[in-house]
Amino acid sequence: MDLKKIEKVSKIYLKELISSFAKIDKLKKLRFFSGIHFKDALSQFNKRIEKYSRATRESNKVWNKVELSRSGERPQCRDYIKGIFEDFTELSGDRLTGDDSSIVAGLGRIGGRTVAVVGHNKGRNTNERIKHNFGMGIPQGYRKSCRIMKLADKFGFPVITFIDTPGAYAGLEAEDNGQSAAISGSIRLMFELNVPVISVLIGEGGSGGALALAVGDEVAMLENSTYSVISPEACSAILWKDSTGKKLAARALRITSKDLLKLGAIERVIHEPIGGAQKDPGRMIKIVKKYINDALGRLGKYQPEQLRLKRAEKFENIGFFTYG
Amino acid sequence: MDLKKIEKVSKIYLKELISSFAKIDKLKKLRFFSGIHFKDALSQFNKRIEKYSRATRESNKVWNKVELSRSGERPQCRDYIKGIFEDFTELSGDRLTGDDSSIVAGLGRIGGRTVAVVGHNKGRNTNERIKHNFGMGIPQGYRKSCRIMKLADKFGFPVITFIDTPGAYAGLEAEDNGQSAAISGSIRLMFELNVPVISVLIGEGGSGGALALAVGDEVAMLENSTYSVISPEACSAILWKDSTGKKLAARALRITSKDLLKLGAIERVIHEPIGGAQKDPGRMIKIVKKYINDALGRLGKYQPEQLRLKRAEKFENIGFFTYG
Amino acid sequence: MDKSQKHKCEACGKDIEQEVLIKNLNVCPYCGHHEYIGCRRRLDITVDEGSFKEMDSDMRSVDFLKFRDLKKYSQRLEEAREKTGLSEAIITGEAGIEGYGVAIGVMDFGFMGGSMGSVVGEKIKNLCNRSIKNDIPLIIFSSSGGARMQEGIISLMQMAKTVSSVGRVMACNIPYISVITNPTTGGVSASFSTIADIIIAEPGALFCFAGPRVVRQTMKKDIPDDFGLAERNLANGQVDMIVSRSDMKETLARLIRLLRG
Amino acid sequence: MDKSQKHKCEACGKDIEQEVLIKNLNVCPYCGHHEYIGCRRRLDITVDEGSFKEMDSDMRSVDFLKFRDLKKYSQRLEEAREKTGLSEAIITGEAGIEGYGVAIGVMDFGFMGGSMGSVVGEKIKNLCNRSIKNDIPLIIFSSSGGARMQEGIISLMQMAKTVSSVGRVMACNIPYISVITNPTTGGVSASFSTIADIIIAEPGALFCFAGPRVVRQTMKKDIPDDFGLAERNLANGQVDMIVSRSDMKETLARLIRLLRG
Ligand SMILES: [Zn+2]
Ligand SMILES: [Zn+2]
């Protein structure tokens with residue numbers, strides 16, 4: 001047995017390994033047990049170690065991406081806005097009951113045309129993070145976003161969204177104010193927009209709170225961003241009944257840009273400077289600016305009706321199933 | 001001097017009378033004062049008493065209407081709904097942050113067709129009145145109303161509104177939740193409706209809170225209902241600097257159905273059973289039902305575009321002014 | 001099933017005879033608690049007898065991610081199928097309700113917590129298309145813990161997919177009624193179930209985006225006992241009405257009559 | 001006016017030299033308090049020099065109800081005209097803002113509390129028509145205690161009238177920017193001023209439907225110090241931004257540039 005390899009296996013796998021090792025141990029002690037069978041069992045056991053250590057290795061790699069995607073060092077929504085759009089003017093409030101500082105919205109100019117920009121902003125230091133509620137949206141935020149997107153639709157401005165959120169805020173008030181309907185309403189509105197919609201996942205793409213802003217004609221992910229139906233931690237708590245499974249969950253969920261491109265859930269991966277966006281924020285922002293400009297060019301050739309139809313078709317065609 | 005007449009003059013006028021009487025008294029004492037002048041002054045003074053006592057008489061009459069229009073004995077929104085519409089189904093909530101029980105909304109059938117119904121309900125006894133917040137709407141109510149009107153617009157259902165409110169609720173939370181925008185939003189939406197809109201003032205039509213539901217193609221007032229830009233009490237407090245002017249204010253503001261018809265602010269006065277709606281609620285409800293059916297017939301001949309245009313024209317043409 | 005068998009009400013703890021419980025549509029006769037019922041039973045008590053024609057009955061989930069937690073996804077699917085006798089967490093089809101033709105979908109919490117994966121999404125899409133094609137109202141009974149983790153990002157995308165599909169129905173001015181049953185949370189509450197013309201909830205149904213446990217954790221304090229319940233949602237403006245199981249069919253028929261003008 | 005004369009800030013109580021105050025656009029240099037300025041001054045500091053072309057300058061209110069409280073309406077009008085040198089509570093016209101043509105209306109609280117009667121309504125309607133005819137953005141600076149009681153129900157109807165008019169501008173996809181200045185309440189806050197594409201408020205402006213006194217009376221308890229203020233409205237989602245007087249022109253020009261695509 002290769003003990004070194006076992007060391008590299010995730011805790012949760014270890015439990016399984018130990019229990020099967022105990023079985024082998026029992027087998028050894030059995031009278032009718034033949035050496036050949038024992039060898040088979042041991043080889044199977046070793047294969048298992050091999051498999052588990054590979055899974056663990058991969059999980060660790062994915063987990064690094066998770067941490068990187070969440071890193072406060074990466075450029076954030078406000079950085080992209082500042083670096084990409086001229087005349088950016090922030091617009092506040094849902095005109096209903098409040099303003100959500102975790103979601104930034106406004107108008108700006110790129111390539112000589114006006115666009116609406118909406119995005120999650122997490123904030124960098126503790127104060128900022130608290131102020132922005134760590135990028136976790138509340139209904140007022142999604143409704144503000146809807147208001148600005150409607151404004152954009154009315155005036156024919158393309159919509160650019162930046163996604164970077166652990167997920168919608170799980171608070172009592174948020175629930176009482178209709179978090180569910182705010183998210184579904186945002187998704188629905190984005191399908192109704194007659195203008196090009198470009199969504200860029202710049203960091204963490206957490207669940208429904210991310211999707212609420214990510215119904216784009218083109219959805220792009222930065223190389224080291226992640227996008228997931230549930231946080232690996234929560235997934236682990238539910239499925240592995242244990243928080244230590246978070247890295248395995250991160251791998252199992254397929255949340256990297258590469259995975260999502262392969263699955264057809266996004267259109268494009270935007271490559272980052274070597275070592276990640278945080279190594280050269282200026283260049284990263286330029287790359288994203290170029291992407292947005294190019295995407296605007298690509299989408300500019302479609303009529304409003306076509307855009308809506310293609311957007312609906314794209315999302316309605318996602319899914320894997322079989323018959324019989 | 002006719003002292004009996006003076007007794008019938010409103011307190012506020014009395015102050016003026018007393019001060020002018022004091023002047024006459026002074027005149028009498030003046031040396032150069034001739035009898036003829038004195039007689040003139042006295043006759044003017046008597047004319048004034050006459051004028052003031054007429055105004056007071058009229059004010060009292062109008063005030064009776066104010067009290068009648070506010071009477072808890074009159075049929076209320078829910079009574080009309082029950083008596084007029086089949087299959088009425090109440091719909092709750094603004095799908096944003098709350099439900100307002102001072103405003104009832106739902107779908108029902110009349111003459112074999114579906115209509116949307118929205119109205120203020122004040123409630124009759126103390127418990128009901130508290131539950132319905134005395135018919136004073138909050139933003140959630142106007143937004144619920146908008147939601148149901150949009151539903152009606154989508155499905156092509158005419159909209160019937162019943163107005164009976166002291167005005168929008170003047171509370172901190174209501175203001176924080178955007179009372180102004182809720183009211184203006186409701187007015188705006190009603191101009192955008194592609195379906196016939198019939199508004200019936202059944203009791204008290206208080207200010208912006210009433211107008212928010214009263215942008216009808218036909219606006220009708222029950223004979224003894226009132227409709228005013230401000231409550232006579234509040235008007236008196238501001239303009240007469242004194243609450244005792246409320247009856248004078250009620251007269252000055254011209255708030256009766258007759259006045260409003262004359263001013264062109266409404267289309268129709270619906271006559272009440274002798275003594276008022278409360279004397280025969282059943283008949284009153286039948287009369288209103290007939291009115292609604294007739295109005296639906298009248299408005300049914302217009303195309304959506306025509307309805308919108310006529311509605312806008314009608315309200316945009318209201319106003320008295322001159323040049324130079 | 002032994003009809004004289006006793007059943008303890010989950011809410012009030014009183015014993016109910018099985019026969020009474022079933023007659024009462026699995027609603028406790030003492031406290032009105034609405035118990036879980038499976039989607040077949042729901043259809044039985046909601047649509048006209050013999051009127052239901054199932055669609056996509058042979059559509060099956062596939063383990064395209066080779067997802068494995070403590071169990072393989074494929075194994076979980078197998079177990080759910082065996083346990084429920086259903087092929088997936090939703091059953092869809094055409095039916096009549098008091099004679100009105102409808103496109104109806106009913107989710108079943110018993111199948112992997114009613115979680116929405118590709119099959120639920122696709123079945124809803126097909127149901128929507130049927131609704132549009134035949135110009136019949138759309139009714140969906142929701143009951144779900146949310147998106148199906150085992151299908152990763154693809155299950156998140158079903159939120160967008162279903163919203164788009166029901167959105168197309170609504171854009172055709174075809175009535176869409178969403179019925180919230182216990183529980184409706186997460187990816188289902190934040191997608192097709194909350195953008196209907198009319199939203200009805202069953203009494204006592206949990207209806208929220210984040211569940212009470214998660215919210216308690218986030219808030220680091222106690223939350224009200226009625227957190228996320230249908231009644232609280234009514235007060236919060238999120239549902240049009242709360243309708244008890246015994247009134248549901250009549251209410252749906254009346255709403256269709258009204259919405260059909 | 002003696003330029004060396006001192007002026008006491010209403011907010012912080014500090015003495016400000018008249019000259020400094022004027023240079024500072026009547027904003028207190030110590031505490032930033034934005035003082036009342038009349039509509040002519042507002043135009044001066046907002047539009048390009050000499051660009052303003054007034055509309056309806058000869059439109060006059062009439063006392064069609066023969067309204068008399070302690071004074072006659074006609075007398076109140078006369079006094080207001082004398083006091084302000086204005087013909088009514090709003091001045092409207094075409095102007096340039098950094099070269100962009102706009103249809104602009106500016107209310108003046110000094111004229112009968114900026115109350116909206118028939119003339120204010122009609123002037124706004126005509127302004128909207130000009131905006132549509134010339135395809136130029138609409139900008140209205142509000143400052144009003146609400147509807148003009150002396151015109152009874154007709155003043156209430158101006159709420160509907162102005163909403164309809166600005167609604168037509170917006171339906172043409174012509175930008176409409178509403179600027180809230182101190183105070184904007186009642187019939188003006190609940191009509192044209194709150195349905196704009198963009199709503200800007202001046203710092204510290206009171207902006208509410210029911211004023212603080214009325215609300216305190218209704219609630220029968222104290223209300224927060226910042227009740228109805230622009231800053232509270234920003235937090236409550238009712239305004240897009242708070243812009244100080246010195247930044248107003250630049251901001252309007254930028255917004256027009258943005259909204260014009
Ligand atoms: Zn029970
Ligand atoms: Zn100061």
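On a predicted model such as this, the values are computed, not experimentally measured, just so you know. Each chain gets a letter, A, B and so on, in the order the sequences are listed, and its residues count up from 1. Computation of the quantities below employed the complete heavy-atom set of this structure, encompassing side-chain atoms and omitting hydrogens, waters and symmetry-equivalent molecules.
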> Main chain of I318(B), side chain of K161(D): is a donor-acceptor contact present, judged purely on distance under 3.5 Å?
yes
> Evaluate the side-chain contact (heavy atoms from CB on, under 4.5 Å) criterion for residues E173(B) and V215(D): first the C-alpha distance (whole Å), next the side-chain angles of each, then the deciding distance (0.1 Å), finally the verdict.
CA-CA 10 Å; E173(B) 239 199 308; V215(D) 171; over 6 Å; no
> Given that the side chain runs from C-beta out, which part of R232(D) has a heavy atom under 4.5 Å from chain B: side chain, backbone, both or neither?
side chain
> Measure the CG-SG distance between D69(D) and C235(B) for me, rounded to the nearest 0.5 Å.
7.0 Å
> Are any non-hydrogen side-chain atoms of L70(D) and L239(B) less than 4.5 angstrom apart?
no
> With a 3.5 Å distance limit and no angle check, can you tell me whether S118(D) reaches the backbone of F320(B) through a side-chain donor-acceptor pair?
yes
> Set out, in order, the CA-CA distance, both residues' side-chain angles and the distance that settles side-chain contact (heavy atoms from CB on, under 4.5 Å) for I154(D) and L263(B), then state yes or no.
CA-CA 8 Å; I154(D) 299 302; L263(B) 287 165; 4.2 Å; yes
> Among A147(D), G121(D), S61(D), S165(D), which residue forms the greatest number of heavy-atom pairs with chain B at distances under 4.5 Å?
S165(D)
> Heavy-atom distance under 4.5 Å to chain B: side chain of Q217(D), backbone, both or neither?
neither
> Only pairs of heavy atoms separated by less than 4.5 Å count here; which of A171(D), G187(D), C208(D), G186(D) has the most with chain B?
C208(D)
> Give the minimum heavy-atom separation between G171(B) and M219(D), together with the two atoms involved.
CA-SD, 3.5 Å
> So, for I187(B) and A160(D), which heavy atoms are closest and what is the spacing to 0.1 Å?
CG2-CA, 3.9 Å
> Give, as side chain, backbone, both or neither, the part of R68(D) having an atom under 4.5 angstrom from any heavy atom of chain B.
both
> What option among I199(D), T162(D), I195(D), V214(D) has the most heavy-atom pairs under 4.5 Å with chain B?
I195(D)
> For a 4.5 angstrom cut-off between non-hydrogen side-chain atoms, does M157(D) reach F315(B)?
yes
> Count the heavy-atom pairs under 4.5 Å between each of M170(D), R76(D), R216(D), E88(D) and chain B, then report the option with the highest count.
M170(D)
> Sort by residue number and list every member of residues 200-232 of chain B having a non-hydrogen atom under 4.5 Å from chain D.
S207(B), G208(B), L211(B), Y227(B), S228(B), V229(B), I230(B)
> Closest heavy-atom contact between A265(B) and I153(D)?
CB-CG2, 3.9 Å
> Answer with side chain, backbone, both or neither: which region of I238(B) has an atom nearer than 4.5 Å to a non-hydrogen atom of chain D?
side chain
> Under 4.5 Å, heavy atom to heavy atom: which of residues 245-254 of chain B reach chain D? Give them by number, or say none.
A252(B), L253(B), R254(B)
> Atom CG of residue position D225(D) - does it have more than 12 heavy atoms of other residues, nucleotides or ligands inside 6.0 Å?
no
> What distance do K123(D) atom NZ and F321(B) atom CZ have between them, rounded to the nearest 0.5 Å?
11.5 Å
> For the CG atom of L172(B) and the CG atom of D222(D), what is their distance to the nearest 0.5 Å?
11.0 Å
> Without swapping roles, check the side chain of T218(D) against the backbone of A170(B) for a donor-acceptor pair under 3.5 Å.
yes
> Report yes if the side chains of E316(B) and E122(D) come closer than 4.5 Å at any heavy-atom pair, otherwise no.
no
> Do E175(B) and F209(D) come within less than 4.5 Å of each other through their side chains, counting heavy atoms only?
yes
> I'd like to know if the side chain of S180(B) pairs up with that of Q238(D) as donor and acceptor (distance under 3.5 Å, no hydrogens or angles considered).
no
> S191(D) versus chain B, heavy atoms under 4.5 Å apart: side chain, backbone, both or neither?
backbone
> Which region of D56(D), side chain (C-beta onward) or backbone (N, CA, C, O), has a non-hydrogen atom less than 4.5 Å from a non-hydrogen atom of chain B, or is it both or neither?
side chain
> Out of D259(B), D242(B), I183(B), I266(B), return the one with the most heavy atom pairs under 4.5 angstrom to chain D.
I183(B)
> Taking every non-hydrogen pair under 4.5 Å, which of G152(D), A190(D), A235(D) racks up the most with chain B?
A190(D)
